[in-house]
Amino acid sequence: MNYWLFKSEPSDYSFENFISDKETCWEGIRNYQARNFIRDDIKINDEVLFYHSNISEPHLVGLAKVIREAYPDHYSWNKEHKYYDLKSSPDNPRWFMVDIKAIKELKRIVYLKEIKQEPKLSKMILLNNSRLSIQPVKKCERDLIIKMSNN
DNA sequence: GCCAACGTTGGC
DNA sequence: GCCAACGTTGGC
């Protein structure tokens, strides 16, 4: 099983929204690196750390698991949709999504500030490529974050 | 709201 | 295939 971090701006889609939906398709990824993780690497039952970005105190807020592997992001060929891409089509989809299911809120929110202060987490992509919205997390990193959230 | 970092686009 | 211009992300 692998671990991932998914970012979302709470003003777009918060963990609270997600909890009330129970499940969601992770649509709208329009970055090739993130797309490749979705298409090639994210597997059923992988665990997702849900991160709130682009707010005053960015933080990890909850856990989810993958319940459906990559399938084409059909919004990408819907002209009405915000994430429409001229170059994507049903015959040749450029973008993909996975479905995830909410597991639970973390016992306690873990702030970016705390992650930065923890030397063992200094290699996290979160701290080194701040723009990647889907990123792998090492098991040891994930375990430490869970531990932090339980304290 | 600013702006650094980084990804994408397109002219050459 | 280079790289300037431009757009977006996201921390602050």
Side-chain angles (χ1 to χ4, degrees), chain A residues 2-21 24-42 46-66 69-100 102-138 140-149 151:
Chain A
N2 289 311
Y3 300 93
W4 305 91
L5 184 152
F6 283 21
K7 292 182 188 174
S8 186
E9 299 189 22
S11 58
D12 278 353
Y13 193 72
S14 67
F15 194 72
E16 210 174 16
N17 298 141
F18 182 33
I19 287 278
S20 68
D21 288 349
T24 191
C25 59
W26 205 251
E27 90 280 10
I29 294 301
R30 296 292 178 271
N31 166 286
Y32 290 104
Q33 225 182 326
R35 190 278 310 267
N36 293 347
F37 286 134
I38 285 181
R39 192 189 54 191
D40 306 332
D41 300 320
I42 299 183
D46 280 0
E47 186 180 278
V48 172
L49 300 164
F50 196 105
Y51 181 83
H52 281 159
S53 68
N54 208 12
I55 49 173
S56 62
E57 293 185 302
H59 56 265
L60 285 160
V61 58
L63 296 177
K65 72 171 179 178
V66 176
E69 292 177 11
Y71 61 105
D73 181 344
H74 54 267
Y75 296 111
S76 67
W77 54 75
N78 176 352
K79 279 204 178 72
E80 308 302 313
H81 200 272
K82 175 183 174 190
Y83 295 114
Y84 173 67
D85 181 348
L86 176 69
K87 291 171 182 163
S88 186
S89 68
D91 289 342
N92 190 15
R94 173 176 292 211
W95 304 111
F96 293 82
M97 54 190 178
V98 292
D99 290 353
I100 58 174
I103 301 176
K104 61 176 180 184
E105 260 184 280
L106 293 177
K107 196 167 159 198
R108 175 180 79 70
I109 275 173
V110 176
Y111 290 99
L112 175 62
K113 196 165 52 176
E114 302 173 67
I115 293 172
K116 283 185 166 172
Q117 284 164 359
E118 175 49 68
K120 292 194 184 93
L121 298 176
S122 65
K123 296 281 169 51
M124 284 187 74
I125 296 169
L126 186 65
L127 305 183
N128 296 293
N129 179 357
S130 66
R131 301 191 56 208
L132 191 59
S133 64
I134 289 194
Q135 47 188 265
V137 176
K138 293 196 188 82
C140 58
E141 295 166 342
R142 176 268 183 196
D143 288 348
L144 181 53
I145 288 165
I146 297 297
K147 193 176 157 199
M148 289 162 77
S149 76
N151 286 332

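Every chain is numbered from 1, with letters handed out A, B, ... down the list of sequences. Since we're looking at a predicted model, the values are computed, not measured.
Here the C1' atom of nucleotide B:dG7 and the CD1 atom of A:Ile134 are 16 Å apart, to the nearest Å. In this structure, the CG atom of A:Leu132 is 8 Å from the P atom of C:dG10, given to the nearest Å. In this structure, A:Leu5 atom CG and C:dG11 atom P are separated by 10 Å, rounded to whole Å. Between the OH atom of A:Tyr111 and the P atom of C:dG11 there is a distance of 14 Å, rounded to whole Å. A:Arg35 has its CZ atom 14 Å from the C1' atom of B:dG7, to the nearest Å. When rounded to the nearest whole Å, the span between NE2 of A:His52 and C1' of C:dT9 equals 16 Å. A:Leu126 has its CG atom 10 Å from the P atom of C:dC12, to the nearest Å. One can place CG of A:Asn128 at 13 Å from P of C:dG11, the figure rounded to the nearest angstrom.
When the nucleotides C:dC12, B:dC6, B:dT8 are ranked by their closest atom to the side chain of A:Tyr32, B:dT8 comes out on top. When distances are taken from the side chain of A:Pro58 to each of B:dG7, C:dG11, C:dG10, the shortest belongs to C:dG11. Counting only heavy atoms from C-beta on, A:Ser133 has its side chain closest to C:dG10 among C:dG10, C:dG11, B:dG7. Here the nucleotide nearest the side chain of A:Leu112, chosen from C:dG10, B:dC6, C:dC12, is C:dC12.
Each of A:Tyr83 and A:Lys116 was matched to the nucleotide of DNA chain C holding its nearest heavy atom; the match closer to the 5' end belongs to A:Tyr83. Residue A:Asn54 is the one, among A:Arg131 and A:Asn54, whose nearest nucleotide of DNA chain B lies closer to the 5' end (criterion: closest heavy atom).
The shortest distance between the side-chain N/O atoms of A:Tyr51 and the OP1/OP2 oxygens of C:dT9 is not below 4.0 Å. A close approach under 4.0 Å does not occur between any side-chain nitrogen or oxygen of A:Lys7 and OP1 or OP2 of C:dT9.
In this structure, NE2 on A:His59 lies 10.5 Å from CD1 on A:Ile115, to the nearest 0.5 angstrom.
A perpendicular orientation is assigned to the rings of A:Phe15 and A:Phe50, their planes being inclined by more than 60° (bins at 30° and 60°). Ring geometry for A:Phe18 versus A:Trp26: interplanar angle over 60°, hence perpendicular rather than tilted (30 to 60°).
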**Q.** Stepwise side-chain contact (heavy atoms from CB on, under 4.5 Å) test for A:Ile38 and A:Asp73
**A.** CA-CA 11 Å; A:Ile38 285 181; A:Asp73 181 344; over 6 Å; no
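Between A:Arg142 and A:Glu47 there is a salt bridge, since a side-chain N of the basic residue sits under 4.0 Å from a carboxylate O of the acidic one.
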